[in-house]
Peer 1: 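Just passing along the structure, written as structure tokens.
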Amino acid sequence: MQENYSPSTIEQAAQTFWDQRNCFKTDLDSDQEKFYCLAMFPYPSGKLHMGHVRNYTIGDVISRYQRMQGKQVLQPMGWDAFGLPAENAAIKHNIPPAQWTKTNIAEMRTQLKRLGFAYDWEREIATCHPDYYRWEQWLFIQLYKKGLVYRKNSEVNWDPIDKTVLANEQVIDGRGWRSGALVERRQIPQWFLKITDYAEQLLNDLDQLTEWPSEVIRMQKHWIGRSEGVELTFAVQGPQADCPAQTVEVFTTRPDTLFGVTYVAIAPQHPLSLYAAKKSAAKNNSTLQEFITAFEKVKVAEADMATLEKAGVDTGLRVIHPLTQEILPVWTANFVLMSYGSGAVMSVPAHDQRDWEFAQKYQLPIKQVIEPTNEAPVDSTQAAFTEKGQLIHSAEFTGLTSVEAFAAIAQHLAEKKCGQRKVQYRLRDWGVSRQRYWGAPIPIIYCDTCGAVPVAEQDLPVRLPTDVKFDASGCSPLKQMPEFYQTTCPCCAKPATRETDTFDTFMESSWYYARYLSPRDTQQMTGENAQKWLPVNQYVGGIEHAVLHLLYSRFFHKLMRDEGLVHCDEPFQKLLCQGMVIAETFYREEASGKKDYIAPQDVEILRDDKGQILSAKHKKDQQPVLIGNNEKMSKSKNNGVDPQIMIDKFGADTVRLFIMFAAPPEQSLQWNDSALEGAHRFLKRVWRLVYQHTQSEYFIPCQKKSAKELTLDNRQKELRSKTHQTLKKAGDDMGRRCTFNTAIAAVMELLNAVSQQSRLCLEDEVVVKEALDISLLILSPIVPHIAHALWQTLGHAENSIDARWPIVDETALVSGQIEIAVQVNGKLRTRFWVDTNTEQKTLEALALNNETVSRFIAEKTVRKVIVVPNKLVNIVVA
RNA sequence: GCGCCAGUGGCGGAAUUGGUAGACGCGCUGGAUUUAGGUUCCAGUACCGCAAGGUGUGGGGGUUCAAUUCCCUCCUGGCGCACCA
């Protein structure tokens, strides 16, 4: 055995060993219990970043741990290969997206291999491959036939200079990021999947997901947003012949407040808004038109719309209250979204804070119709009263509670045929059309005679041409490629045009987990393996995917289930959402106030003699720099750490260990170069402890003895006890809690104890060997290379990856004495040692007679003594 | 704006079911080894205080014999908001 730890040598040796034996190839037909562990596949952006390393290390640790539990583990890897960055790179570097993507995949695959992840590489997939996306096109056609697909107009960000559609990300401060032009909203026809048909199932089945983080469940519930209410109709007063609507439909969850409605608010894009704007413009009043035009300059993102200052314009139109026949004004308001419900709401300023603020701003009437049941005063001139209560000023409904009134008013509206109960969801249908090149073509053909027709199944896949040229505008090259879009109609064979839009890339990532089970199947989307191997047992990925990706995947899974492709209801049994990787930021402020970020490796930090940071300076010019917050590693903050540099310097095991040790997986992880070196130091220590053991005269005899059979002295028993306590804790931390940081800390404690153990006889060395064996097995999922090398060194015949997780020896755990804490009035005053399971009365007496305690209870009356066996005694005095 | 989450030493974090706050690591201080730097080893390290002791888990309030943990409220930070992935 080498005396010194040399990561590069042992890591390469271990990886070669695993490769040559195909150790991580999964046998899907095995009789063993299956475990499918999946980390969210990466977008191939160029190189691995630290977030990837964290994601895949967590997945690998879980996979290797489950393998040690005797399970047949599947851990695949692939590439979410379509997306916007490839098009940006194409424009910037004049290289086709396919080629750029392929190069990046090769680079990142090499990096993943260097980290020693136990992937079954034979199952690798890339979503940009026609053999992959053809099945997505195929499913889309099945959904089309079932009526789960439809086309409607919807809004996009339009860049009037580049004449292209922009993603929300490409609109900065209302301007296109390339052209700098003010963007406009534009309505274009797009394809939608009816996810709202599955809203109820997506909501109800969340109850099945008992092993998902509760915050993700909560976020999804809210996103789906089921609410029960009443849909009702306001008739437009005296509509002219050209008026686009005779009525305004609204949905409310508070029909009990119906008598408090003082106006109706509609979205700027509502047909009645547009109609009223045209009418008033004809009379030389352009206020409404200007308001609508201004709103059209706001980007499509909801966050942008919701943060606008509430504003509106009276349309001049009037509607009739369905119960009171009052005439109410109709206002166009920027807080009403056309994409929600009907694009109109009834406003009750007295009982809704947003309506109240709007009414205050425009001096609209505020009419209280609910009072609190506890008769507390309500002042509608100060704020809205939004709670439920009892009805007032509500005709025959006056006196009812809000709950009673809900039912009564709903029934009354139904009888009058101007409303009915309705369950509404916040969830909107999924728009899957993208006006972009680098995505899966939507398999639709437009025929002048037959309309929109799906591509015939035998003509799939619709291949995306890869030899393309981009111009600086970012427009999709497909629109300029007649060889792509010119085709014939599958129904009537006449000349027809292909759809040039491509799918949202969430389509590919919504079902890849199923494709890993039969990645090369040319006959079907998924096969028998999917029945046996789904759901995924453990899914690992960033919390940023809590709603969109994880909701779309759940939806897709149900679509596939209803197509008979999979048999379970949910795709992911257990979910772990890892936190971000953050790092310190340093900057200087330019004259303009703009921050010029400086990379942490160029900064030197000055500390006082307690280690507290005093200041920082630039290594090059020795001038001071400002210390910013810890932020997510990014190019813009110049605080990224290249994992490859760290791996080259310290080895994969050190990087893996640091990442798993520095924080529990759900929390954000702060990068720290010194702590990384600390992790490296620990591995060197592990190596040295094993080396010392191999140098012992008892090294060989040890291999034939088990600690259990020997007669041990107290010190040896203590180490054995610590070993098995550590194993028990680490097993729980890794298997159940997924708190790998505390499992590692426990092993560090154990090895600290090993360092202090005297090693003078066979028994000493045998208990040390047991501690080393168990430590190595606990660590092996985290640092598999060093574990592989040292496990062999310790004389074990099998490989560490095939070793079973060790079994706790319960008899070794028992310890005779235990320390009891003594509190007086809840404050810790002293501690004493007693035999385990000492009776409560004895503990009480020992505590009361304790010398230290007596000082605190002298001249006071003991009111109560609380005894928690084997833990503490609390004496309450007054 | 709406939804979700988190605030504990100089730093990352631990305390799993309401029961001894600060495990483990980093940093820092002192010492040993070394020609030196580095490495390695030993000791110390929440704050105030000479000590006795007191204070302390973002702020304020509450429940309890006992609160980092439960409740209310406020503040700060992060994530998501449907075309970044």
Side-chain angles (χ1 to χ4, degrees), chain A residues 40 42-43 45 80 82-85 156-157 165-171 213-216 218-219 221-223 225 300-310 335 339 354 427-431 433-436 504-506 509 542-549 551-552 577 579-580 582 607-613 629-632 658 661-664 666-679 681-682 684-685 688 729 732-733 736-737 739 741-742 744-749 752 755 819-823 825-828 831 863-866 868 871-872 874-876:
Chain A
M40 290 179 186
Y43 178 79
S45 52
D80 187 13
F82 278 136
L84 198 51
V156 292
N157 301 306
V165 174
L166 298 177
N168 282 334
E169 189 192 49
Q170 297 174 305
V171 181
S214 56
E215 68 264 32
V216 176
R218 267 193 281 272
M219 279 192 259
K221 266 191 185 150
H222 198 269
W223 188 267
V300 177
E302 191 196 311
D304 286 54
M305 290 185 255
T307 44
L308 291 176
E309 198 194 337
K310 287 171 205 74
F335 61 81
S339 45
R354 196 175 55 181
L427 183 68
R428 307 199 293 259
D429 277 337
W430 176 12
S433 295
R434 297 293 179 269
Q435 297 68 45
R436 291 208 230 298
D504 177 7
T505 56
F506 275 124
S509 55
I543 183 70
E544 66 274 19
H545 297 290
V547 177
L548 289 180
H549 163 62
L551 188 67
Y552 289 143
C577 292
M580 297 178 306
I582 59 176
R607 294 171 188 272
D608 68 9
D609 63 3
K610 287 185 174 174
Q612 202 160 347
I613 294 172
N629 295 330
N630 283 308
E631 301 207 49
K632 183 173 175 175
F658 167 74
F661 178 60
E666 296 88 350
Q667 283 183 37
S668 63
L669 178 141
Q670 195 180 315
W671 187 262
N672 180 330
D673 283 332
S674 305
L676 179 78
E677 287 177 39
R681 203 144 54 215
F682 173 70
K684 284 199 283 188
R685 196 171 147 86
R688 206 162 44 242
K729 177 178 171 48
D732 188 46
D733 286 351
R736 180 181 63 88
R737 296 211 302 156
T739 53
N741 55 327
T742 51
I744 295 164
V747 174
M748 286 175 169
E749 265 191 82
N752 286 342
S755 305
E819 198 175 27
I820 302 291
V822 185
Q823 299 175 332
N825 285 346
K827 280 184 185 166
L828 179 72
R831 298 175 234 245
R863 301 275 183 206
K864 206 183 206 179
V865 180
I866 284 140
V868 183
K871 267 229 165 96
L872 63 75
N874 187 13
I875 301 164
V876 185

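These figures come from a predicted structure and were not determined experimentally. By convention in this document, chain letters (A, B, ...) are assigned in the order of the sequence lines, proteins followed by strands, and residues within each chain are numbered from 1.
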Peer 1: Can you name the nearest heavy-atom pair linking Ala675(A) to Phe658(A), along with the distance?
Peer 2: CB-CE1, 3.5 Å
Peer 1: Indicate whether any N or O donor in one side chain lies under 3.5 Å from an N or O acceptor in the other, for Arg863(A) and Asn825(A).
Peer 2: no
Peer 1: Enter syn or anti for the glycosidic conformation of G61(B), syn applying to angles within 90° of 0.
Peer 2: anti
Peer 1: Find the distance Lys871(A):NZ to A66(B):C1' and express it as a whole number of Å.
Peer 2: 13 Å
Peer 1: Fit a plane to each ring of Phe506(A) and Tyr552(A), take the angle between them on a 0 to 90° scale, and name the class: parallel (under 30°), tilted (30 to 60°) or perpendicular (over 60°).
Peer 2: tilted
Peer 1: Taking 4.0 Å as the cut-off, does a side-chain nitrogen or oxygen of Asn741(A) come that near to OP1 or OP2 on A14(B)?
Peer 2: yes
Peer 1: Please name the pair of heavy atoms, one in Arg685(A) and one in Ser755(A), separated by the smallest distance, quoted to 0.1 Å.
Peer 2: NH2-OG, 3.3 Å
Peer 1: Measuring to OP1 and OP2 of U16(B), would you say a side-chain N or O of Arg737(A) lies under 4.0 angstrom away?
Peer 2: no
Peer 1: CZ of Arg681(A) versus P of G38(B): gap in Å, rounded?
Peer 2: 12 Å
Peer 1: Indicate the atoms forming the closest heavy-atom contact of Leu166(A) with Val171(A), along with that distance.
Peer 2: CB-CG2, 4.0 Å
Peer 1: Compare side-chain N and O positions of Lys864(A) against OP1 and OP2 of C65(B) and report whether any pair is under 4.0 Å apart.
Peer 2: yes
Peer 1: Using the P atom on both, measure U8(B) against A15(B) and round to a whole Å.
Peer 2: 15 Å
Peer 1: Rounded to the Å, how far apart are Leu308(A) CG and C81(B) P?
Peer 2: 18 Å
Peer 1: In whole angstrom, give me the gap between the P atoms of U64(B) and G59(B).
Peer 2: 23 Å
Peer 1: Restricting to non-hydrogen atoms, name the atom on Lys729(A) and the atom on Ala746(A) that form the minimum distance, rounded to 0.1 Å.
Peer 2: CD-CB, 4.2 Å
Peer 1: Atom NZ of Lys827(A) to atom P of G54(B): distance rounded to whole Å?
Peer 2: 6 Å
Peer 1: Would you say the base of C65(B) and the side-chain of Arg863(A) have a donor-acceptor pair closer than 3.5 Å?
Peer 2: no
Peer 1: How far apart are the closest heavy atoms of Val216(A) and Ile543(A), and which atoms are they?
Peer 2: CG2-CD1, 4.1 Å
Peer 1: Separation of Gln612(A) atom CD from C11(B) atom C1', in whole Å?
Peer 2: 10 Å
Peer 1: Distance check, P atoms only: A14(B) and C2(B), in whole angstrom units.
Peer 2: 31 Å
Peer 1: If you only use heavy atoms from C-beta on, which nucleotide in G19(B), G12(B), C79(B) is closest to the side chain of Ile543(A)?
Peer 2: C79(B)
Peer 1: If we take the P atom in both C42(B) and A51(B), what is their distance in whole Å?
Peer 2: 28 Å
Peer 1: Rounded off to whole Å, could you give me the NZ-to-C1' distance for the Lys632(A) and G77(B) pair?
Peer 2: 16 Å
Peer 1: Determine the Euclidean distance between corresponding C1' atoms of C84(B) and G27(B); express it in Å to zero decimal places.
Peer 2: 38 Å
Peer 1: What is the distance, to the nearest angstrom, from the CG atom on Asn825(A) to the C1' atom on U64(B)?
Peer 2: 13 Å
Peer 1: Within the modelled atom types, does a donor on one side and an acceptor on the other bring the side chain of Asn874(A) and the base of C65(B) under 3.5 Å apart?
Peer 2: yes
Peer 1: Does any donor-acceptor pair link the side chain of Arg688(A) with the base of U40(B) at a separation under 3.5 Å?
Peer 2: no
Peer 1: If the P atom of U29(B) is compared with that of U39(B), how far apart are they to the nearest Å?
Peer 2: 14 Å
Peer 1: On RNA chain B, compare the nucleotides closest to Asp733(A) and Arg218(A); which residue's is nearer the 5' end?
Peer 2: Arg218(A)
Peer 1: With nearest nucleotides of RNA chain B determined for Trp430(A) and Met219(A) from heavy-atom distances, which residue corresponds to the more 5′ nucleotide?
Peer 2: Met219(A)
Peer 1: State the dot-bracket string of RNA chain B. Criteria: Watson-Crick or G-U wobble, both atom distances under 3.5 angstrom; notation: ( ) intrastrand, [ ] crossing earlier pairs, | interstrand, . unpaired.
Peer 2: (((((((..(((......[....)))((((((.......))))))(((....)))..(((((..]....))))))))))))....
Peer 1: Distance between the C1' atoms of C11(B) and C71(B), in whole angstroms?
Peer 2: 32 Å
Peer 1: Write down the distance separating the P atoms in A21(B) and A46(B), rounded off to the nearest Å.
Peer 2: 14 Å
Peer 1: On a heavy-atom basis, which atom in Arg436(A) and which in Ala167(A) lie closest, and how many Å separate them?
Peer 2: NH2-CB, 3.5 Å
Peer 1: Could you state the atom-to-atom distance from CZ of Arg436(A) to P of A85(B) in whole Å?
Peer 2: 7 Å
